[in-house]
Each structure stands twice: as structure tokens, then as C-alpha cells.
Amino acid sequence: MVIMKTPSSSSETTKKRDWIGLINESVHTSDDIDMGDIDAVSRDFVVVKRGFVDIDFYYIPINKVEGWDGNVLWLKITEGDVIKNMKEI
């Protein structure tokens, strides 16, 4: 698994572009549940979009990301944690 670090300075612009390149990629929780796809990224959050008709958005703090394996962005937390604590209001 390749772990990407959060861009913390202007010298890490290339890594920031790497995060943006993950838009529309799949996100899985630590219990291997597909939470949806990356809709947007910011300095502090990954926004995950789940659903087609009934759409939910989840704001995942960057520090809850385990890493990127080339196909999936893995989270350090379970589906229950995401739904309970990170759903858009």
C-alpha cells in the first residue's frame, strides 16, 4: 500500500496534485465497505459521494486516510464511524 502524505506547504504542490488526481476513485473503509467515490479534496478533507438517487456526502478528515493502493483509497475507520460522524448535515 502506498501512503500519500497531506500537502502541508507550497513545496508539496506535486503531492497536492496527486490528491486531486484521485477524484472519482473508490473509497473503502477499514472493514472493506465501498463508501463511494471521491468527489472533491481539500487541504483537510476528502469528500466522498455515495449513491445515485439518494446521494450522501461524507467529509473524511485527511488524518483518517490509511493510504492509496493504486485502485482504492483506504480509510483507517469503519463504515459505522463514517456514517455516524462524517455525514453532511
Legend entry - Side chain to side chain, Ser26 and Asp34, heavy atoms closer than 4.5 Å: yes

Legend entry - Any Asn24 side-chain heavy atom under 4.5 Å of Ile38 side chain: no

Legend entry - Glu66 vs Leu75 side-chain heavy atoms within contact, under 4.5 Å: no

Legend entry - Residues in salt bridge (Lys or Arg N to Asp or Glu O under 4.0 Å) contact with Glu79, at least two apart in sequence or another chain: Arg50

Inset, instruction - Any chance you could lay out the side chain to side chain contact (heavy atoms under 4.5 Å, CB included) test for Asp81 and Lys64, step after step, and finish with the verdict? - result: CA-CA 11 Å; Asp81 292 335; Lys64 301 298 182 188; over 6 Å; no

Legend entry - Interatomic spacing from CG in Leu73 to CD in Glu25 - rounded to 0.5 Å: 9.0 Å

Legend entry - side-chain hydrogen bond (donor to acceptor under 3.5 Å, both in side chains) involving Asp37 - partner list, sequence neighbours excluded: none

Inset, instruction - Quick one: list whatever passes salt bridge (Lys or Arg N to Asp or Glu O under 4.0 Å) with Asp56, sequence neighbours left out. - result: Lys87

Inset, instruction - Give the minimum heavy-atom separation between Asp69 and Asn71, together with the two atoms involved. - result: OD1-N, 2.8 Å

Inset, instruction - Please report the C-alpha distance between Val46 and Tyr58 in whole Å, then the side-chain angles of each, then the deciding distance to 0.1 Å, and finally whether the side chain to side chain contact (heavy atoms under 4.5 Å, CB included) criterion is met. - result: CA-CA 8 Å; Val46 174; Tyr58 299 97; over 6 Å; no

Legend entry - Heavy-atom check, side chain of Met86 versus side chain of Val48, under 4.5 Å: no

Inset, instruction - List for me each residue that meets side-chain hydrogen bond (donor to acceptor under 3.5 Å, both in side chains) alongside Asp32, sequence neighbours excluded, and say none if there are none. - result: His28

Legend entry - For Asn85, side-chain hydrogen bond (donor to acceptor under 3.5 Å, both in side chains) partners two or more places apart: none

Inset, instruction - Considering only Ile, Leu, Val, Met, Phe, Trp and Tyr, and joining two whenever side-chain heavy atoms are under 4.5 Å apart, list the other residues clustered with Tyr59. - result: Phe45, Val47, Ile55, Phe57

Inset, instruction - For Ser30, check side-chain hydrogen bond (donor to acceptor under 3.5 Å, both in side chains) against everything at least two apart and list the hits. - result: none

Legend entry - Heavy-atom check, side chain of Leu22 versus side chain of Val41, under 4.5 Å: no

Legend entry - Side chains of Ile23 and Asp39 in contact at under 4.5 Å (non-hydrogen atoms): no

Legend entry - Ile60 vs Val27 side-chain heavy atoms within contact, under 4.5 Å: no

Inset, instruction - With the side chain counted from C-beta on, respond yes when Thr29 and Trp74 share a heavy-atom pair under 4.5 Å apart, and no when they do not. - result: no

